[in-house]
Amino acid sequence: MTELPSARRSHLSMTADAYDAVAVLYAGLARDDLERLPLDRAVLGAFAESVRGAGGGRVAELGCGPGPVTAHLRGLGLDVFGVDLSPVMIGLAREAYPDLRFDVGSMDALDLADGELGGIVSWYSVIHAPPRELPSYLAEFRRVLAPGGSLLLAFFEAEGGPLTAFDHRVTTAYRWPVDDLAGLAREAGFAEVGRMLREPGEGERFRRGHLLMRAR
């Protein structure tokens with residue numbers, strides 16, 4: 001694991017503290033999200049098929065929170081574990097899903113070997129990365145993925161506007177134009193497989209974007 005600059009460590013610490021503070025409330029709200037979101041379940045299903053089609057391998061959900069998406073991926077037949085900055089979130093995930101592995105860690109400095117994984121899911125987690133730092137996150141994803149490995153990014157989409165910060169309920173987050181995010185992923189060594197844009201549902205403010213990529 002590489003040593004992080006002090007400014008980045010400070011940002012990560014503040015993000016972890018913000019999620020620690022709301023973890024119990026967040027876990028209660030997020031637990032059943034996928035049950036009412038058929039398109040989101042469909043893109044996770046496509047990711048699982050992509051992983052299996054490339055030969056399988058371990059999958060990491062990076063920014064897993066209290067663990068429901070990690071558990072869903074396990075239900076799709078994947079060998080999956082979760083990683084999150086927030087120790088409180090990881091504690092809740094371990095309590096809710098004791099048969100799954102959850103680790104405290106930062107997605108931009110993973111304690112994993114080069115090419116160790118067959119897939120990565122970042123489900124609304126890179127949204128908090130300062131935009132100038134996102135290329136380093138994507139480079140780390142590429143480092144730990146085997147060639148042909150699958151990456152699924154879920155994010156808030158900019159709906160025709162520019163990259164924009166917004167008042168996320170936990171801490172500052174960013175809405176990305178889908179083409180811009182796809183371009184950064186290509187520069188990091190990924191090829192686009194497909195994308196899905198979903199209009200906001202009840203209680204949601206913004207369009208949701210999903211990019212399925214493959215490590216070149």
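Values in this document were obtained by computation on a predicted structure and should not be read as measured data. The first residue in the sequence is number 1, and the count goes up from there.
At most 12 heavy atoms of other shown residues, nucleotides or ligands fall within 6.0 angstrom of atom CD in E95.
Using a 4.5 Å cut-off on side-chain heavy atoms (C-beta onward), V144 and I120 make contact. At least one side-chain heavy atom of R74 sits under 4.5 Å from a side-chain heavy atom of D99. V121 is not listed as a side-chain neighbour of L62, based on a closest heavy-atom distance of 4.5 Å or more. Inter-residue side-chain proximity for L138 and L153 is flagged as met; some heavy-atom pair is nearer than 4.5 Å. V104 is not listed as a side-chain neighbour of L85, based on a closest heavy-atom distance of 4.5 Å or more. A heavy-atom distance below 4.5 Å is not found between the side chains of Y137 and S122. When side chains are defined from C-beta on, T172 does not count as touching T15, because their heavy atoms never get closer than 4.5 Å. At least one side-chain heavy atom of L152 sits under 4.5 Å from a side-chain heavy atom of V43.
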Please output the side-chain donor-acceptor pairs of residues 155-162 that fall under 3.5 Å, not counting sequence neighbours, one pair per line with the distance.
residue : atom : partner : partner atom : Å
E157    : OE1  : E159    : N            : 2.6
E157    : OE1  : R207    : NH1          : 3.2
E157    : OE2  : V178    : N            : 3.1
E159    : OE2  : R175    : NH2          : 2.9
E159    : OE2  : R207    : N            : 2.8

Under 3.5 Å, sequence neighbours excluded: what are the donor-acceptor pairs made by side chains of residues 182-194?
residue : atom : partner : partner atom : Å
E192    : OE1  : R195    : NH2          : 2.9
E192    : OE2  : R195    : NE           : 2.7
E192    : OE2  : R195    : NH2          : 3.3

Anything under 3.5 Å between a donor and an acceptor, one on a side chain of residues 64-73, the other on a protein residue two or more places apart or in another chain? List them.
residue : atom : partner : partner atom : Å
T70     : OG1  : E61     : OE1          : 2.4

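Taking the charged nitrogens against the carboxylate oxygens, D40 and R208 have no contact shorter than 4.0 Å, which rules out a salt bridge. Between R143 and D114 there is a salt bridge, since a side-chain N of the basic residue sits under 4.0 Å from a carboxylate O of the acidic one.
The heavy-atom pair separating L145 from A215 by the smallest distance is CB-CB, 4.3 Å. For F141 against M107, the heavy-atom pair with the smallest separation is CE2-O, 3.6 Å. Between G118 and V51, the shortest heavy-atom distance links the atoms O-CG2, 4.0 Å. Here the closest non-hydrogen pair linking Y174 and P130 is CE1-CA, 4.2 Å. The two atoms that bring S106 and L12 nearest to each other are OG-CD1, 3.5 Å, heavy atoms only. Of all heavy-atom pairs spanning F47 and S150, the tightest one is CE1-O, 3.5 Å.
Under the 3.5 Å distance criterion, the side-chain polar atoms of D84 are matched with a main-chain donor or acceptor of S86.
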Verify side-chain contact (heavy atoms from CB on, under 4.5 Å) between L181 and L211, making sure each step is shown before the conclusion. CA-CA 9 Å; L181 189 55; L211 282 169; 4.1 Å; yes
Steps toward salt bridge (Lys or Arg N to Asp or Glu O under 4.0 Å) verdict (R205, D167): CA-CA 11 Å; R205 291 188 286 170; D167 57 335; 3.0 Å; yes
Would R52 and L78 satisfy side-chain contact (heavy atoms from CB on, under 4.5 Å), going step by step from the backbone distance to the final call? CA-CA 8 Å; R52 288 193 292 268; L78 298 180; 4.2 Å; yes
Residues E35, D33; criterion side-chain contact (heavy atoms from CB on, under 4.5 Å); working and verdict: CA-CA 6 Å; E35 292 183 9; D33 269 359; over 6 Å; no
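Taking the six-membered ring for Trp and thresholds of 30 and 60 degrees, F206 and F166 have ring planes more than 60 degrees apart, a perpendicular arrangement. Using cut-offs of 30° and 60° for the angle between ring planes, the H210 and Y124 rings count as perpendicular. Using cut-offs of 30° and 60° for the angle between ring planes, the Y19 and H128 rings count as perpendicular.
No continuous path of hydrophobic side-chain contacts links M196 to L37 [ILVMFWY only; heavy atoms under 4.5 Å]. With hydrophobic clusters built from ILVMFWY side chains whose heavy atoms lie under 4.5 angstrom apart, W123 shares a cluster with F81.
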